[in-house]
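This report refers to the structure that appears directly beneath it.
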Amino acid sequence: MDEQPAKKLKRYQFPLDISQDQLSAVAEELGHEICVFMSSSASTGQTGLPSSNEEEPDDFYDLTPEDYYRLMGNKIGAQSEMLKTRKIREAEAAARRARYTKAVVRVRFPDNYILEANFKPSEKIQDLVDLLLKVIARPDIPFYLYTTPPKERLKDTSKDFYTASFVPGANVYFSYDLPNDSQLNSEETKTGPYLREEIRSLNGLVPIPKQAATVIPEPVPASAPTIMPSADPNPRPAAKKPTKPKWLKL
């Protein structure tokens with residue numbers, strides 16, 4: 001790819017319509033909507049967990065009333081699940097699954113870039129792997145995905161995102177799968193970049209959902225006003241019809 005177009009893509013402060021066209025073109029090429037952004041390296045090391053040389057006080061391990069009721073509640077809930085029939089459990093599982101319409105998966109790369117992509121819950125982890133093969137800079141190098149904590153490698157790529165508990169969203173980590181004695185296992189390879197240049201140039205662009213066209217109703221023609229006859233302020237009594245007297249005989 002030429003250097004000049006790459007420089008133009010890096011300047012993503014384009015007018016809104018141009019940036020959205022850029023995202024739409026990439027989404028059409030990949031078959032999925034994506035976002036690219038960078039994580040703060042300063043926050044990656046802050047876990048909020050106590051260090052190994054810190055000791056907890058003795059009362060930390062005491063069972064509190066809240067812990068007791070929580071444990072009893074979990075036990076009762078497990079027993080109630082056992083009493084349900086198979087059809088009821090399947091119906092409840094289907095109802096829970098129907099509530100979710102997409103899975104938002106974020107893939108974190110070692111160079112602090114993050115790729116976010118939208119999938120259907122019924123799609124497979126293999127679909128994520130196929131997407132990554134289109135966006136990474138070195139698709140010739142084998143890689144693997146894992147979740148943490150604890151670190152667990154995603155080996156079964158035939159699982160759908162719902163079964164893998166990636167719904168409604170999940171964080172996945174990317175790593176090259178190279179042996180230690182491989183020539184590709186060098187510092188240059190480890191430092192990246194991991195994503196293609198045109199994909200990294202989308203950093204900071206967020207797709208905006210298209211708004212439905214506003215339908216303006218046609219104006220209803222105004223009907224002609226009905227003119228009511230004005231009431232006579234001095235009404236006259238109705239004329240009586242002359243009648244024949246009873247005594248008159250013809």
Results of side chain to side chain donor-acceptor pair (under 3.5 Å) for T147 - residues two or more places apart only: none
task: Answer yes or no: does atom NZ of K124 have more than 12 heavy-atom neighbours from other residues, nucleotides or ligands under 6.0 Å?
output: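 Yes - once you tally the heavy atoms of other residues, nucleotides and ligands closer than 6.0 Å, there are more than 12.
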query: So does K155 have more than 12 non-hydrogen atoms from other groups sitting under 6.0 Å from NZ?
result: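 No, because the 6.0 Å sphere around NZ of K155 holds 12 heavy atoms or fewer from other groups.
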Count I, L, V, M, F, W, Y as connected when their side-chain heavy atoms are under 4.5 Å apart, and connections chain through other members. Are [X] and [Y] then in the same cluster?
{"X": "L30", "Y": "L195", "result": "yes"}
{"X": "L154", "Y": "L178", "result": "yes"}
{"X": "L128", "Y": "Y146", "result": "no"}

task: May I ask you to test the V36-L205 pair for a side-chain heavy-atom distance under 4.5 Å?
output: no
message: Is the shortest side-chain heavy-atom distance between T157 and K159 below 4.5 Å?
response: no
Gap separating the [atom1] atom of [X] from the [atom2] atom of [Y], nearest 0.5 angstrom:
{"X": "T101", "Y": "R99", "atom1": "OG1", "atom2": "CZ", "result": "12.0 Å"}
{"X": "E33", "Y": "S24", "atom1": "CD", "atom2": "OG", "result": "8.0 Å"}
{"X": "L145", "Y": "L132", "atom1": "CG", "atom2": "CG", "result": "6.0 Å"}
{"X": "L131", "Y": "L115", "atom1": "CG", "atom2": "CG", "result": "6.0 Å"}
{"X": "T191", "Y": "D111", "atom1": "OG1", "atom2": "CG", "result": "8.5 Å"}

- prompt: Run the side-chain contact (heavy atoms from CB on, under 4.5 Å) check on F37 and L202 step by step: do they pass?
  reply: CA-CA 8 Å; F37 49 94; L202 302 176; over 6 Å; no
Give me the atom names and distance for the closest heavy-atom approach of [X] to [Y].
{"X": "N118", "Y": "K102", "answer": "ND2-NZ, 4.3 Å"}
{"X": "A137", "Y": "P193", "answer": "CB-O, 3.7 Å"}
{"X": "P121", "Y": "Y100", "answer": "CG-O, 3.7 Å"}
{"X": "I125", "Y": "A164", "answer": "CD1-CB, 3.9 Å"}

Hey, is the main chain of [Y] close enough, under 3.5 Å, to the side chain of [X] for a donor-acceptor pair?
{"X": "S182", "Y": "P179", "value": "no"}
{"X": "T189", "Y": "L184", "value": "yes"}
{"X": "R196", "Y": "R138", "value": "no"}
{"X": "R108", "Y": "I114", "value": "no"}
{"X": "E123", "Y": "K120", "value": "yes"}

message: Could you check whether T163 and D160, counting side-chain N and O atoms only, form a donor-acceptor pair closer than 3.5 Å?
response: yes
field: Pairing of R200 and E197 as salt bridge, 4.0 angstrom limit
entry: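 The answer is yes: the pair qualifies as a salt bridge.
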query: Does R153 make a cation-pi contact with Y144, if we ask for NZ or CZ under 6.0 Å from the ring centre and within 45° of the axis?
result: yes
field: I141 and Y176: CA distance, side-chain angles, deciding distance, side-chain contact (heavy atoms from CB on, under 4.5 Å) verdict
entry: CA-CA 7 Å; I141 300 179; Y176 285 137; 3.4 Å; yes
query: Between F109 and Y173, is the ring centre distance below 6.0 Å?
result: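 No, they do not, as the ring centres are separated by 6.0 Å or more.
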Pairing residues for F143 by the ring-ring contact (aromatic ring centres under 6.0 Å, His included) criterion, not counting sequence neighbours: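 Only F174 meet the ring-ring contact (aromatic ring centres under 6.0 Å, His included) criterion with F143.
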query: Which pairs count as ring pair (Phe, Tyr, Trp, His ring centres under 6.0 Å) when at least one residue sits in residues 113-137, sequence neighbours excluded?
result: H32-F119, F119-F161
